[in-house]
Chemist: 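To start, I am sharing the structure in question, which I have written as structure tokens.
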Amino acid sequence: MSDYANLFWGILFGSIGFGYFLYGKKQKSVIPFISGIGLMGLPYVVDNNVVMIGLAVGLMLLPKFIAV
């Protein structure tokens with residue numbers, strides 16, 4: 001059961017990360033660009049779903065609080 005949940009969260013956060021990546025690339029903004037790369041790579045590094053959700057929410061909120 002955990003494998004399906006991990007796959008679901010990985011696809012969800014990878015898709016959101018791809019959106020952040022494209023936005024950061026088009027706007028030439030570093031913080032959304034880096035957040036997008038982090039969100040896309042996070043499922044490959046973290047296996048625990050709770051830790052992955054926590055880190056992903058932090059990466060998604062990062063551009064809101066750090067303005068460059």
Side-chain angles (χ1 to χ4, degrees):
M1 184 68 174
S2 177
D3 293 334
Y4 295 118
N6 199 5
L7 179 66
F8 171 76
W9 290 116
I11 290 172
L12 179 69
F13 294 135
S15 300
I16 293 169
F18 187 65
Y20 273 62
F21 172 78
L22 287 179
Y23 176 78
K25 188 175 177 182
K26 281 189 177 213
Q27 297 296 323
K28 296 185 178 20
S29 182
V30 176
I31 301 299
F33 183 78
I34 298 295
S35 291
I37 292 173
L39 282 167
M40 287 188 291
L42 187 65
Y44 294 107
V45 179
V46 179
D47 285 335
N48 190 346
N49 290 329
V50 176
V51 174
M52 184 183 347
I53 293 169
L55 289 173
V57 168
L59 283 171
M60 287 189 287
L61 291 175
L62 191 65
K64 182 172 176 67
F65 293 112
I66 299 178
V68 175

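Note that the structure is predicted; figures quoted are calculated from it, not measured.
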Chemist: Hey, could you give me the CG/CD1 distance between Leu39 and Ile16, rounded to the nearest 0.5 Å?
Modeler: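 Leu39 CG to Ile16 CD1: 7.0 Å, rounded to 0.5 Å.
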Chemist: Does any pair with a residue in residues 30-65 pass ring-ring contact (aromatic ring centres under 6.0 Å, His included), and if so which ones, sequence neighbours excluded?
Modeler: Phe21-Phe33
Chemist: Among all residues two or more places apart in sequence or in another chain, which pass the side chain to side chain contact (heavy atoms under 4.5 Å, CB included) test with Pro63?
Modeler: Tyr20, Ile31, Pro32, Ser35
Chemist: Can you name the side chain to side chain contact (heavy atoms under 4.5 Å, CB included) partners of Leu55, sequence neighbours left out?
Modeler: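 Partners of Leu55 under the side chain to side chain contact (heavy atoms under 4.5 Å, CB included) test: Leu42, Val46, Val51.
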Chemist: Nearest 0.5 angstrom please: Asn6 CG to Ile11 CD1, how far?
Modeler: 10.0 Å
Chemist: Is it true that Val57 and Tyr23 fall in one hydrophobic cluster, defined by side-chain heavy atoms closer than 4.5 Å?
Modeler: no
Chemist: Rounded at 0.5 Å granularity, tell me how far NZ in Lys25 sits from CD1 in Ile37.
Modeler: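 Result: 10.0 Å between the selected atoms.
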